[in-house]
2 protein chains.
Amino acid sequence: MKQMNIKALARELNLSVSTISKALRDSYEISESTKQRVMQLAEKLNYKPNPYASSLRGKKSRNIGVVIPEVADSFFSLAINGIESIVKEKGYHVLICLTHEDFESEQAILKEFQSGRVDGVLMSVSSETDAGGHIHELIEQDVPIVLFDRVLKEVPAARVITDDMESGYKATKHLIDNGCRRVAFLGLSKKLSISNDRLKGYEKAMHEYGWRIGKKDVVTCTTDQQQNIRAVKKLLQQPNRPDGIVASVEKLAPVVYQACNEESLRIPQDVKVVCFSNLEIAAMLHPSLTTITQPAYEMGQKAAAMLMRLLDKKPVQTADMEVIIPSKLVRRGSTSI
Amino acid sequence: MKQMNIKALARELNLSVSTISKALRDSYEISESTKQRVMQLAEKLNYKPNPYASSLRGKKSRNIGVVIPEVADSFFSLAINGIESIVKEKGYHVLICLTHEDFESEQAILKEFQSGRVDGVLMSVSSETDAGGHIHELIEQDVPIVLFDRVLKEVPAARVITDDMESGYKATKHLIDNGCRRVAFLGLSKKLSISNDRLKGYEKAMHEYGWRIGKKDVVTCTTDQQQNIRAVKKLLQQPNRPDGIVASVEKLAPVVYQACNEESLRIPQDVKVVCFSNLEIAAMLHPSLTTITQPAYEMGQKAAAMLMRLLDKKPVQTADMEVIIPSKLVRRGSTSI
DNA sequence: CTGAAAGCGCTAACAG
DNA sequence: CTGTTAGCGCTTTCAG
C-alpha cells in the first residue's frame, strides 16, 4: 500500500494542495468547514505527513542527537529517560549514538550531524576525548549542542554537570571520618573532566586531613574490566595497602567487590568503599554499597530543556550556560562496620 | 555558515549537479579524473549530503526504529548495544522510542512510523500490549518489523526470543532440587508473552514434582515498585509461606530482596530466589543472586540482522522467521546454603 | 562521459 | 477563503 500524500487528498476533495497543507496545519486562512472535511478525510485515509519532505522544506528535522559513551550504564539510561521526557513534549525524536568511549567514533558522529540530520545535540564526551575541535565545527554549522555530565572545560558550550569536585571531596571525607587513613582513588581516564574533578576533591580531602597520597593510590582504569580487577588487586597487595577506596564510576563497583573478594579482604572491615553509582540495586549488594548518587534523570531533563531553549532561539543568558545539580552521598554498609 | 550542497559544488567546478551526484556515488559513468576533482572539493568544502533530500527522493531513511518499554534495564540496554553493532555496519541510525510499558504510547509510536520516518522497526512489546493491530497496520504499510524478547504470539512477524518456557522450568526445577517445596512466581503482566511462558515452565516443573501451586503463589506485579514490595511481603506473610521465589523480570530483584529483608527472612536459608536478570552486579548482591541470564546482546544482534535481511528484500525462509536463543541458569548464593 | 530536466512531498509567498 | 507556483537538495532517466 502506497503512502497517502497531500496531492492525493487534494484530488479526492477537489482542493489544491496548499489548501490541504494549510488546513492540516490549522491555518487561520482556511474555513472551518473545509478544515473539517480535510481532517476527516486525512483520518479516514490514514494520511501521515512525510517528515522528510517537511524537513527538507523547513530545514529542521525534529530529531535531536544524543551522543553518549554507553547505554548499559544506569547513569546514562536514566539520563536518557530524563531527556526523552522533555523532548517528547516538544515533538522531537531522540537519535541515540554510542561512542563506546572511542574518540574517533565521537568525531565521526558529530561530523555526520553536520549534515542536518539533527536539529541539536546532547552529548557526554568519551573518556578519550581531550579536544573539542569536533564540537566547535558543529557549533559553526549552527547546530546547537549542550554537554552534560562529562564536559570539556575549554569548550564554550552550554553544559549541565554535577558538583564533581565537591562529591569527590564528600566521598573521601566520609571514608576518613569513618576511620580510613589511606584512601585510594580509581579514575577512568586522565582526560575525563568528571574523573579529574572527582580526583581533585579527593586530593583536597586527603590534604585537609593531613594524609598523604601514595604514588600508587591513584589508579587509572580502562574499559577492560579484567584488567581493572588486576589493577585493583595489585593496589590492595601493597604492604601498606589502602583501607578505603573511592571508585569514581559505576562500572568499577563490581571490580572493587571482585578484587576485595579475591584478595580475601572484607568490606567494610578491611576496606571501606564509596562508589559513584545510580544503581537501584546498590542497596542490596554484599555489603550494601555507599554511593555518590548523581541526579541523572534531572541532568538529562535540564540538558534537554536547555537545548529546547537554544532551538527556540530564545536568548540564553551567559549565566545560564552552566547548570550544576548536586549529587548526594548515600551511606550504606560498605563504609560502616 | 550555510550547508554546502551539490549545486554549490557544481558551480565551483563548472559541472552539472547530476555529474556531481554521480561522481559522489562513484558511478561508472564518470571519468576517474572528474571523480577525483569532485571528491577533493567535497572534502575541502566539508560537503555533507543532506539525508532528508536523499530520503525524500529515494524513499528510504536509513533510520531504524527501536521500540522498547525502557532503557534503564540491563536486558534492553545490552540489546541496544547488540542492535547498534549490526545496523551501524550497514549505515543505519537507531531511533529509540520508549513506551514506558504503555500500550497507547506504543500504538502512537508505530502510527508515527507509518510516515516513512524509519525503514524498519525492532520492537519488544509493552506489558500492556495484548493485541497486534498496530503491528499489522505497520506491516501493511510495508514497514518490516522484527519483534524480540517480548513478542505477540499471534502476530506473524519475524521474531527473536529466548526459551522462556524452558527457562521458567529450569529456574523452578533448580529451586525444587535445592529443597524448595512451595515455590512462588512473580510475573509482570498477564498479557506478556515472556511472563506467561516463564509461568508455564514454572507450572510444568511444579506439577512434574507433584507440588501444588497455592492460589496466592502466582503474583502479578506492576510498574509501581512500592506496591510490588507490599505484594511480595504479603506473599511471604502467609502462614505456610513460599520457600522459593522465581522472579520473572530483572526489576523484581530489588523488590524481593527488600521484601525479605523487611520480613526478616534470610536468603537463602528461609527463602531461595532465582531472578531473570542480566545485571553484571548480580554476583555481588547480598547474597549473590542466582539468575536466568538472557542472551541480550545476541538477541539484539540477531533481531537487527533479520531486519537488515528484510530490508535487503532478500527472501527469508519461513523457517527463519522465529529464532530462539537459549538463556542460561547461573547458580549463585541465593539458592544454595 | 556529461548535462538538462523531472520529481520525491511539503510549505509559503503571492495572486486572485 | 482558495489556488498557483516555486523551490528545499538530491537522484535518475533520457539526450546529447
Side-chain angles (χ1 to χ4, degrees), chain A residues 1-39 41-42 45-63 91 112 114-119 141-142, chain B residues 1-39 41-42 45-63 91 112 114-119 141-142:
Chain A
M1 181 176 156
K2 206 183 149 295
Q3 265 293 320
M4 179 55 47
N5 62 23
I6 283 195
K7 216 164 158 185
L9 289 180
R11 202 169 30 230
E12 203 78 23
L13 292 172
N14 265 315
L15 287 170
S16 75
V17 285
S18 63
T19 303
I20 304 289
S21 175
K22 287 170 189 157
L24 289 170
R25 337 193 84 243
D26 200 25
S27 160
Y28 66 96
E29 298 181 83
I30 306 296
S31 73
E32 270 313 313
S33 65
T34 34
K35 274 186 197 168
Q36 291 294 326
R37 291 208 303 143
V38 171
M39 295 294 195
L41 189 70
L45 296 186
N46 198 28
Y47 166 76
K48 299 273 169 289
N50 181 316
Y52 299 115
S54 311
S55 293
L56 181 56
R57 182 65 234 254
K59 306 249 167 232
K60 48 191 170 325
S61 66
R62 308 241 76 159
N63 280 157
E112 231 271 343
Q114 290 180 30
S115 67
R117 186 178 279 278
V118 297
D119 295 343
Q141 301 279 338
D142 276 325
Chain B
M1 182 177 155
K2 209 184 149 292
Q3 266 294 319
M4 180 54 46
N5 62 24
I6 284 195
K7 216 162 158 187
L9 289 179
R11 202 170 31 231
E12 203 78 22
L13 291 172
N14 265 315
L15 286 170
S16 73
V17 285
S18 60
T19 303
I20 305 288
S21 176
K22 285 171 191 157
L24 288 170
R25 338 195 82 242
D26 200 24
S27 160
Y28 66 96
E29 299 180 84
I30 307 294
S31 72
E32 269 313 313
S33 64
T34 34
K35 273 186 197 169
Q36 291 294 327
R37 293 207 301 143
V38 172
M39 295 295 195
L41 189 71
L45 295 186
N46 198 27
Y47 166 76
K48 299 274 168 290
N50 180 316
Y52 299 115
S54 312
S55 294
L56 182 57
R57 181 66 234 253
K59 306 245 166 239
K60 48 190 167 331
S61 67
R62 306 241 77 155
N63 280 156
E112 231 270 345
Q114 289 180 30
S115 68
R117 185 178 281 277
V118 297
D119 295 343
Q141 301 279 339
D142 276 325

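In what follows, chains are A, B, ... by sequence order, proteins preceding strands, each numbered from 1.
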Separation of C:dG9 C1' from B:L56 CG (nearest whole Å) = 5 Å
Selection: residues 12-25 of chain B, any non-hydrogen atom under 4.0 Å of DNA chain D | B:S18, B:S21, B:K22, B:R25
A:K59 (side chain) donor-acceptor with A:G116 (main chain) under 3.5 angstrom | no
From A:T19 OG1 over to A:R37 CZ, what is the distance, rounded to the nearest 0.5 angstrom?
-> 10.0 Å
Below 4.0 Å: OP1/OP2 of C:dT2 and any side-chain N or O of B:Y28 = no
Taking CZ from B:R117 and P from C:dC10, how many angstroms apart are they, rounded to a whole number?
-> 13 Å
Nearest non-hydrogen partners of A:S16 and A:A10, listed with the distance | C-CB, 3.9 Å
What is the distance from OH of A:Y52 to P of C:dC10, rounded to the nearest Å?
-> 14 Å
Protein-nucleotide distance (A:K7, atom NZ; C:dG9, atom P), rounded to Å | 7 Å
Integer-rounded Å distance: D:dT2 C1' and A:R37 CZ | 12 Å
What is the distance, rounded to the nearest whole Å, between atom NZ of B:K59 and atom C1' of C:dC8?
-> 5 Å
What does A:T34 touch in the nucleic acid at a heavy-atom separation under 4.0 angstrom: a base, only the sugar-phosphate, or nothing?
-> sugar-phosphate
Please state how far atom CD in A:E29 lies from atom P in D:dT2, giving the value in whole angstrom units.
-> 10 Å
Distance-only donor-acceptor pairs under 3.5 Å for side chains of residues 48-55 of chain B, two or more places apart:
unit_1, atom_1, unit_2, atom_2, d
B:K48, NZ, B:N46, OD1, 3.1
B:N50, OD1, B:Y52, N, 2.7
B:N50, OD1, B:A53, N, 3.0
B:Y52, OH, A:N63, OD1, 3.3
B:Y52, OH, A:R117, O, 2.3
B:S54, OG, B:N50, O, 3.2
B:S55, OG, B:P51, O, 2.8
B:S55, OG, B:K60, O, 3.1

Closest non-hydrogen atom pair between B:M4 and B:L9, with its separation = SD-CD2, 4.3 Å
Once you round it to whole Å, what is the distance between P of D:dG9 and CG of B:N5?
-> 5 Å
Among B:L24, B:I20, B:V38, which one satisfies side-chain contact (heavy atoms from CB on, under 4.5 Å) with B:Y47?
-> B:L24
